[in-house]
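Structure first, then comments.
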Amino acid sequence: MARFIDELKRSHDNNALRAEHVGQEVVLFGWVASNRDHGGCVFVDLRDREGTTQLVFDADLQGYGDEPKVAYEQSQALRSEWVIGIRGIVKSRGGNVNAKLPTGAVEVHVVELGVFNKSDTPPFEIIDKLDTGEEKRLQYRYLDLRRKPLQHTLRARHRLLQETRRYFDDRGFLELETPSLVKYTPGGARNFLVPSRLHASKFYALAESPQLFKQLFMVAGFERYFQIARCWRDEDLRLDRQPEFTQIDVEMSFVNQDDIFATIEGLVFRLWKAVLGVDLLEKYPSGSFPRMNFDESMGHYGNDKPDVRFAMPHVELTELVIDHAGGGVPFWAELAAHFTSGRYRRDLPTEIVKGLRVPAAQAASLSRAELDKLEEFVKGMGSKGLARAKIGPSGEWLQSPLAKTITPELRTAINGACSVQEGDILFFQFGKESVVHTVLANLRVHLAKKFGFIPDSGHGGKFEFLWVVNPPLFEYDDETKTWAAAHHAFTRPHDDCVELLEKDPGKVLCWRYDLVLNGFEVGGGSIRLHDPEVQAKVFRALGISDEEAQTKFGFLLEALRFGAPPHGGIALGLDRLAMLLSGAESLRDVIAYPKTQKGICLMTEAPNVVSAKQLQELHVRSTE
RNA sequence: GGGGUGGUAGUUAAGUCGGUUAUAACGCCGGCCUGUCACGCCGGAGGCCGCGGGUUCGAGUCCCGUCCACCCCGCCA
């Protein structure tokens, strides 16, 4: 029978004791956060998940016989991260309070000490502000998690999960579970595959999302579903992408886009209030987030997840360049000729010209060396270069290769379109639309961080939410020269676009939406197709034959024939919400046991090799 | 698959033009110290300079390859 735990129960946590407890006898458990040996007495900071309490080991403590002396002798052996229990008496620190600790008005003079466990010297200190590299911290993740910042982050994540469950439960949503081991269906993200032991040469896929199953819940008549679902995608990682992640998955019947937005807005408002204490009604008094058309988002920001905490929009210059037949700039003349010849369409351009204006105040801070670095930066993303022009006193272009040949008329027109002032710098990108957009979108954010418009990471106290709506249903696939579903093949087109499905697929808009926060996509969904006739037209536009549709989505198509209600849904990235809300630098900071960029768990060293016998049992042979 | 940054005591970093025994801070170990709370003072130990090859009389430093971590493009909602 151990003295502590069995006989002496913990009476308080280490954040509990205040002046009012003075005189009480208490039992505390925890980790040694620091020990300061002054010869005649020893101070120990005792830490648990709630906080820290200062212990004093004083051999001369009166009224407890020899016990304090014994404890004092033992205390000299204590080292960082030992796990101990103590029994002691709460005493006031008088005027000598520690203002840094909530428990700083008191200290516990120890009568009895028990050591639960010693600790090796940890590879890094368990302190709030640590400069140890992430690689080391991930290797000893359980020690990193012992630190207060990560304890707080995971608590916030817990809060998110609980509030989410309460919110949906209150509104009559059912939390329903879906399988992780699913049938592989082509398209979309790459799946992790799981070999079947019972069926030679056959594989399950780990679900990339519960998409089909949640739609089938609607067919089943559950009407309102949510799930906090783990999803897996075997794609390359980024700071906001992990191979396994968590979605707040939602599907609703008999709703339109507005209904879904209202549901999600209610949730987000509640989460921000509960976790951060931030009332989003102050910023969004209507209770809803602003909406931006997909077209505008691409035009002004170059992607469908704009960070609107700062301005610096892109300026679309293609029309001007066409109207001026390139305006004396060789590359632009070539590009303009494609439009006038009819090879490129003005409403769905293949190649474009865009500008980005840097205001004079910031432009002045860009040295020649920094401009060269920016050019390297864009080249790394597939750009051929970074054409630029500095605006002179009367609108002339300085320090610019374009200046030599450009006509005054086009130059004036561009200056006007960009609203330039003396000292501004214009950056240009031209060529393939997707490259121009990617390069300029990243350049815009890169510059904003450089100029201090937004912090390098974290929200900087600003939360800019946005619904990006009305995107095209199809994207043109350059490699296969066909139209592909931009989201998935079951997204409902706008009614007035249905006739375009055959005539002009690129112009078809649809009921798809993304929720964007500070430049990150935190959610996305759509109103689904439940009309078999329109569904058939969509498949035809995608070049999917009836047989192919049957093979790929047979069970869903069949289900839709048995009385499917109109329905739609959305999935929110819980990890991303947690990251943005807490101001964390990456998804890894809000996931307890994350993977590195190569998909490795540094703590367990997964993935690892398995024996030939195991492979044989799974009917799998390595090609290595 | 591609571009970029980095890898030196337990940790974080410095290390010049290639040249003597590879530095510092924190941590760790020992000693001293009754009011610290980033305790202080004295002393000490601690290195496969990511790994492999090459150039050189001589490589932490130069060259080639490779592995790992991070950021980005492609990929991915």
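Computed from a prediction, not measured in an experiment: that's the story for all the values here. Labels below follow one simple rule: chain letters A, B, ... track the order of the sequence lines, proteins then strands, and each chain is numbered from 1.
Separating the C1' atom of B/U56 from that of B/U23 is a span of 26 Å, rounded to the nearest Å. Taking the P atoms as reference points, B/C42 lies 15 Å from B/A24, given to the whole Å. Only the P atoms considered, B/A13 is 33 Å distant from B/G58, to the nearest whole Å. Distance noted for atom P between B/A69 and B/C28: 29 Å (whole Å). Here, B/A22 and B/C49 have their C1' atoms 8 Å apart, quoted to the whole Å. Spacing of C1' atoms, B/U8 relative to B/G15, comes out at 9 Å, to the nearest Å. For the C1' atoms, the distance from B/G10 to B/U16 is 28 Å, rounded to whole Å. Between B/G53 and B/C32, the two P atoms lie 49 Å apart (nearest whole Å).
Residue A/E235 places its side chain closer to B/C75 than to any other of B/C75, B/C72, B/G10. You'll find that the side chain of A/C41 is closest to B/U34, out of B/U34, B/C33, B/A77. Among B/C72, B/C39, B/G35, the nucleotide with an atom closest to any side-chain atom of A/R93 is B/G35.
Between the side chains of A/Q429 and A/S383, at least one donor N or O sits under 3.5 Å from an acceptor N or O. Remark: the A/Q54 side chain and the A/R36 side chain contain an N/O donor-acceptor pair separated by less than 3.5 Å.
At a threshold of 4.0 angstrom between heavy atoms, the contacts of A/Q139 with the nucleic acid are absent. At a threshold of 4.0 angstrom between heavy atoms, the contacts of A/K100 are confined to the sugar-phosphate backbone, with no base atom among them. A/I600 comes within 4.0 angstrom of sugar-phosphate atoms only, judged by non-hydrogen atoms across all strands, and of no base. Among the heavy atoms of the strands, none lies under 4.0 Å from A/A571. Here A/L130 lies out of heavy-atom contact (under 4.0 Å) with every strand. Contacts of A/K379 with the nucleic acid, taken as non-hydrogen atoms under 4.0 Å apart, are absent. Residue contacts shown for A/H437 are absent, as no nucleic acid heavy atom lies under 4.0 Å away. A/T438 comes within 4.0 angstrom of sugar-phosphate atoms only, judged by non-hydrogen atoms across all strands, and of no base. Heavy atoms of A/G104 sit nowhere under 4.0 angstrom from any nucleic acid atom. As judged by a 4.0 angstrom heavy-atom cut-off over every strand, A/E376 is placed among residues making no nucleic acid contact.
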- Message: Evaluate A/Y301 against A/H314 for ring pair (Phe, Tyr, Trp, His ring centres under 6.0 Å), listing each step before the verdict.
- Response: CA-CA 6 Å; A/Y301 308 103; A/H314 302 172; 7.0 Å; no

- For A/Y72 and A/F57, run ring pair (Phe, Tyr, Trp, His ring centres under 6.0 Å): C-alpha distance rounded to whole Å, both residues' side-chain angles, the deciding distance at 0.1 Å, then the answer. CA-CA 5 Å; A/Y72 164 74; A/F57 292 87; 8.0 Å; no

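Place A/F43 and A/P122 on RNA chain B by their nearest nucleotides, and A/P122 ends up nearer the 5' end. Place A/R190 and A/E134 on RNA chain B by their nearest nucleotides, and A/E134 ends up nearer the 5' end.
For B/C37, there is no paired nucleotide, since no Watson-Crick or G-U wobble pair has both relevant distances below 3.5 Å. Nucleotide B/G18 is matched to nothing when pairs are restricted to Watson-Crick or G-U wobble geometry with both distances under 3.5 angstrom. With a cut-off of 3.5 Å on both Watson-Crick or G-U wobble distances, the partner of B/U5 is given as B/A69. Across all strands shown, B/C62 pairs with B/G54; the Watson-Crick or G-U wobble distances both stay below 3.5 Å. Figure legend. B/G44 is base-paired to B/C28; pairs are counted as Watson-Crick or G-U wobble with both atom distances under 3.5 Å.
For the pair A/T132 and B/U12, the criterion of a side-chain N or O lying under 4.0 Å from OP1 or OP2 is not met. Note on A/Q54: every side-chain N or O is 4.0 Å or more away from OP1 and OP2 of B/U36. Considering only side-chain N and O atoms, A/R238 lies under 4.0 angstrom from the phosphate OP1 or OP2 of B/C73. For A/R36 and B/U36, the shortest distance from a side-chain N or O to OP1 or OP2 is not below 4.0 Å. A close approach under 4.0 Å does occur between a side-chain nitrogen or oxygen of A/R588 and OP1 or OP2 of B/C71. Phosphate contact (OP1/OP2 of B/U36, side-chain N/O of A/N98, threshold under 4.0 Å): absent.
Aromatic ring centroids of A/H38 and A/F43 lie under 6.0 Å apart.
Per the geometry, CE belonging to A/M381 stands 19 Å off P belonging to B/G2, to the nearest Å.
Cation-pi geometry between A/R576 and A/F245 is not met at under 6.0 angstrom from the ring centre and within 45 degrees of the axis.
Aromatic stacking is not marked for A/H38 over B/C33, as the cut-offs of 5.5 Å for the centres and 30° for the planes do not both hold. The aromatic ring of A/F124 does not sit over the base of B/U11, since the test of centres under 5.5 Å and planes under 30° is not met.
In this structure, A/Y513 OH and A/F261 CZ are separated by 6.5 Å, a value rounded to the nearest 0.5 Å. Distance CZ/A/R137 to CG/A/L602: 11.5 Å, rounded to 0.5 Å.
The base of B/C76 does not come close enough to the side chain of A/R233 for any donor and acceptor atom to sit less than 3.5 Å apart.
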